Amino acid sequence: MNRLQQLFKNKKKNILSIYYTAGYPNLNDTLQIAEALEKSGADFLEIGFPYSDPVADGPTIQASSKQSLDQGMTLQVLFDQLKDLRKTVTIPILLMGYVNPVLQYGVENFCKACAETGIDGCIIPDLPMYEYEEMYHTCFEEHGVSNIFLVTPQTSEERIRKIDGLSNAFIYLLSSAATTGKNLDVSADARAYFSRIKAMELNNPLMIGFGISDKKTFDSANEYASGAIIGSAFVKVLAANGDIEENIKGFMKEFMG
Amino acid sequence: MSYFVNERGYYGDFGGAYIPEMLYPNVEELRQQYLNIIHDESFQHEFKALLKDYVGRPSPLYLAKRLSQKYGANIFLKREDLNHTGAHKINNTIGQILLAERLGKKRIIAETGAGQHGVATATVCALRGLECVVYMGEVDIKRQAPNVARMKMLGAKVVPATSGSKTLKDATNEAMRDWINNPIDTHYIIGSVVGPHPYPDMVSIFQSVISEETKKQLLEQTGKDQPDYVMACVGGGSNAAGMFYHFIDDENVKLIAVEAAGKGVNSGFSAATTLLGKEGVLHGSRSILMQTPDGQVVEPHSVSAGLDYPGIGPQHAHLFKTGRGKYVSITDDESLNAGLLLTQLEGIIPAIESAHALAYLEYMDLKADENVVVCLSGRGDKDMETYMKHFNL
C-alpha cells in the first residue's frame, strides 16, 4: 500500500489536495513549496511537470508551465529536485502532466524514477485508457505508482465502471467538462451529476477537481466526495508578490478552520 | 502490409486518440459514426453534388508541356488550385460540414495557419448557415490580413490565439480547448490529416477525391491509370494524403512527399519533420514531431505558412517508417524559385506550399517516357506579398 492508498484508508472526508506547477515561480522552488504545503495542512499534492502544449489547461496553468519551461524545467531536473523529497515531506505526492514528456523519458525509466523518489502516483490526462491498459499498466503496478483517471459529466456509466476497475487510489471527478481554472458553478446539473456518481458506490474514493477555488466550493465538493483538488487558484497565489511561504500559509488557513 | 488505419485507429505504430477524458465523448461519437455517415447514400449524393457544382470538380489534370520539356518527362499537374476558395482544403470542409449536420451540431470551430483552412471552413458555414469560430495565431492574423477579412466577410468570428508562439500549433491548442469547454453542440473541423483518430482517416477520405479523379484522368490521357510518381507537399499532410490515397496499394507507383526545409535542415529554422523529428504525441495522435530531448514541441519555420507545422499526420509517419513513401525536403529559396519557374513556363502562379513539391523535380532522375503527377494544392494569390518581396517585383 502506498502513501496515497494509506491516506484514503485513514481519512474519508475533507481531503484537501493542492496542485502546483514544478519550477514555478522560480526553477528551484519546487521542494520548498511542497514542504510549506505539508506544514499548512495539505493532505496530498499534485506536482505538475510542464508541457509546451497543455490543451486541457486554462490560462493560469498555461502561463506557469511556460515560465517553468523557459526557466529550464525538464522531467530530469524535476526528479533531481525531488531526490531528497522523502527526508522532509511525508504526505503523498502525485506527478501530473502530459504524455509526451513521459514517452521521451521512457515509461520504464519514469516509473522507476517515481518509485525511487517516493512519488505515489500520476495523472496523465492525455493518456487514454486503452493505451494505458495495453502498454503502461504493468509497469505502473510493478513500481507501485497509482494511475489516476478523470471522469467528466459526459463519461458513460460503463466507462466509469471500467475506470474504477483500473484504479487503485482514487478517481478524479471533473466538476464540469472544461479546461482548468474556470469557477465551479454548483448548479443543479452539477449536483445531479455528483449525486449520480456517488450513488454508483464505486470501489475507489472520489476527489472533485477543476473549478475549486475557495472554502465554499471546497465544502460543496465535500458533500459528494472524499475531498477536492485546488489547482489554478493556488498557482495564482504563487504568482503573487511577497514571501511565498507566508502567502501559502495565508491561502491554506481558509481551509483549515 | 496495410497502409490504412486499423480498427484501433492506428497506422502501424502511429495514430490512436491521445485525448483528455473531456474530449472522449465527442471523439468517440465521431469514431462510431463517421464511416456509416460517409458511406450513406444520401451523404455521398450531397457531397458529390457540392464538389461538382459548388467547388467546381473534377479539377483538371493538366499536362504541363513546357515544364515537361524542361525536366524530360511527362509532368501532370493536378489542379486543386482551381477549386473554389483556391486550394484543396475545401474538399475536406464540405465533407465535414455535411457530417456535422448529420451529427446535429450547431456550432463549428476550426484552427488555421495561413487562413486557407479557415476560409474554407467559414465558406461552408456560410453555405449551410452554421455558426463559425476560427482560431488563428495572433502572429498569423497580422501576417495574413486578407484571409482574416475574407473569414469575417463570410460571417466567421476570428479569435486570436495568444498562447505559446501564437501560430498554427497554438491555434490548434485553442480550438481543442474550445471543444473541451463546448462538448455537446460543437463540431471541430480539423484542417489536416492530424488529430485523434478518426480525424486522420476521415480527412484523408474526403481528400481522396484528388487521387480518385487523377486515376480516371490519367487513364483517359495516357491509357494507364498508374503514373510512375505522385508528388505532393506535406505540412500536416492533407493534400498528400488525398493525392496518395488511391495509389498507396499500387506498389509500383512511387510516392514522394516534400517537406519544408525552411532556411535549411540544420539551420534551426526548418519544418522538415521526418528528418528532424522523433516519435511522440501531439494534438491527439502518436506520430513524428519536432521536439526537444525532454519532449517539448519545437517551433518550426517555413516561408509557407501551410507547411509551418511541427508534426505530420500518423499515416505519413507510417509511410515514412515503412519506406513506402519517400520523404524529402526543399528550402524556402528553392520553393520560391520553383514558383517563379512554373509561373513563367506555364502561366500558373502556385501557392508556395505547392511550389515545394514542384521544386523537387530538380532532384529527380526522370526518364523520357515516365509520367509524374504533382499535386498543385493551391493558388499563389495569398502569397503575392512574399513573392514580391523575394523577387523585388
Side-chain angles (χ1 to χ4, degrees), chain A residues 49-59 62-63 65-66 68-70 72-78 97-106 123-132 134-135 149-156 159-160 163 171-174 176-182 210, chain B residues 7-10 13 15-29 111 161-165 168-184 186 195-197 278-287 289-299 310-311:
Chain A
F49 54 93
Y51 179 47
S52 53
D53 296 82
V55 293
D57 286 301
Q62 284 173 42
S65 299
K66 184 168 189 311
S68 169
L69 285 174
D70 289 347
M73 181 52 72
T74 67
L75 261 179
Q76 190 55 59
V77 168
L78 177 59
Y98 293 80
V99 71
N100 197 48
V102 177
L103 270 179
Q104 303 312 318
Y105 196 82
I123 308 174
I124 306 174
D126 60 342
L127 175 60
M129 191 160 53
Y130 171 77
E131 277 75 6
Y132 171 75
E134 291 286 302
M135 293 176 268
F149 292 94
L150 309 181
V151 160
T152 83
Q154 277 78 40
T155 310
S156 70
R159 193 167 162 84
I160 295 172
I163 285 171
I171 291 174
Y172 194 137
L173 210 57
L174 262 60
S176 62
T179 43
T180 56
K182 297 263 161 84
F210 282 36
Chain B
E7 71 286 354
R8 297 278 358 159
Y10 278 84
D13 298 334
Y18 290 79
I19 45 166
E21 186 63 27
M22 298 82 103
L23 286 179
Y24 181 81
N26 305 37
V27 172
E28 181 61 12
E29 178 186 35
E111 84 295 337
T162 56
S163 58
S165 59
L168 176 58
K169 169 177 87 77
D170 310 286
T172 309
N173 292 339
E174 288 303 331
M176 287 189 142
R177 289 181 187 119
D178 180 308
W179 211 22
I180 286 173
N181 285 292
N182 297 285
I184 310 285
T186 298
H197 175 67
K278 277 193 313 173
E279 293 182 18
V281 171
L282 175 65
H283 294 146
S285 61
R286 190 180 170 116
S287 186
L289 59 122
M290 290 166 53
Q291 54 183 316
T292 65
D294 184 48
Q296 310 301 335
V297 182
V298 167
E299 275 310 313

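So that the names make sense, note that chain A is the first sequence line, chain B the second, and so on, each numbered from 1. These numbers come from a predicted model, not from an experiment.
Contact count against chain B (heavy-atom pairs under 4.5 Å) is highest for A:A178 among A:S65, A:P59, A:A178, A:P50. If you tally non-hydrogen atom pairs under 4.5 Å between each of A:V55, A:L75, A:V102 and chain B, the highest count goes to A:V55. Ranking A:A63, A:P153, A:A56, A:S156 against chain B, the residue ahead of the rest is A:A56, based on heavy-atom pairs under 4.5 Å. The most heavy-atom pairs under 4.5 Å with chain A, out of B:M176, B:K278, B:E279, B:Q291, come from B:Q291. In terms of heavy-atom pairs under 4.5 Å with chain B, the best-connected choice from A:I124, A:T179, A:T152, A:V77 is A:T179. Per-residue heavy-atom pair counts under 4.5 Å with chain B were compared for A:Y98, A:F149, A:Y130, A:Y105, and the maximum is reached by A:Y130. Across B:H283, B:E174, B:K169, the residue that shares the most heavy-atom pairs under 4.5 angstrom with chain A is B:K169. Most heavy-atom pairs under 4.5 Å with chain B: of the set A:D53, A:L103, A:L150, this distinction falls to A:D53.
Both the backbone and the side chain of B:I180 have a heavy atom closer than 4.5 Å to some heavy atom of chain A. Interface residue B:P293: only backbone heavy atoms are found under 4.5 Å from chain A. Looking at B:Y18, both its backbone and its side chain come within 4.5 Å of chain A, counting heavy atoms on both sides. Neither the backbone nor the side chain of B:L23 comes within less than 4.5 Å of any heavy atom in chain A.
Heavy-atom minimum distance, B:P183 versus A:Q154: CG-OE1, 3.8 Å.
A heavy-atom distance below 4.5 Å is not found between the side chains of A:L174 and B:E21. Within the 4.5 Å cutoff, side-chain heavy atoms of B:Q296 are placed close to those of A:Y51. The shortest distance between side-chain heavy atoms of B:D294 and A:Q76 does not fall below 4.5 Å. Residues B:I19 and A:D126 have side chains not in contact (no heavy-atom distance under 4.5 Å, counting atoms from C-beta outward). In this structure, the side chains of A:E131 and B:R286 stay at 4.5 Å or more apart for every pair of heavy atoms. The shortest side-chain heavy-atom distance between B:T292 and A:T74 does not fall under the 4.5 Å cut-off.
Checked by atom type and distance alone, the side chain of A:N100 pairs as donor or acceptor with a backbone atom of B:G295 at under 3.5 Å. With hydrogens and angles ignored, the 3.5 Å screen pairs no side-chain donor or acceptor of B:R177 with any backbone N or O of A:G58.
The distance from atom OG1 of A:T155 to atom CD of B:E28, rounded to the nearest 0.5 Å, is 11.5 Å.
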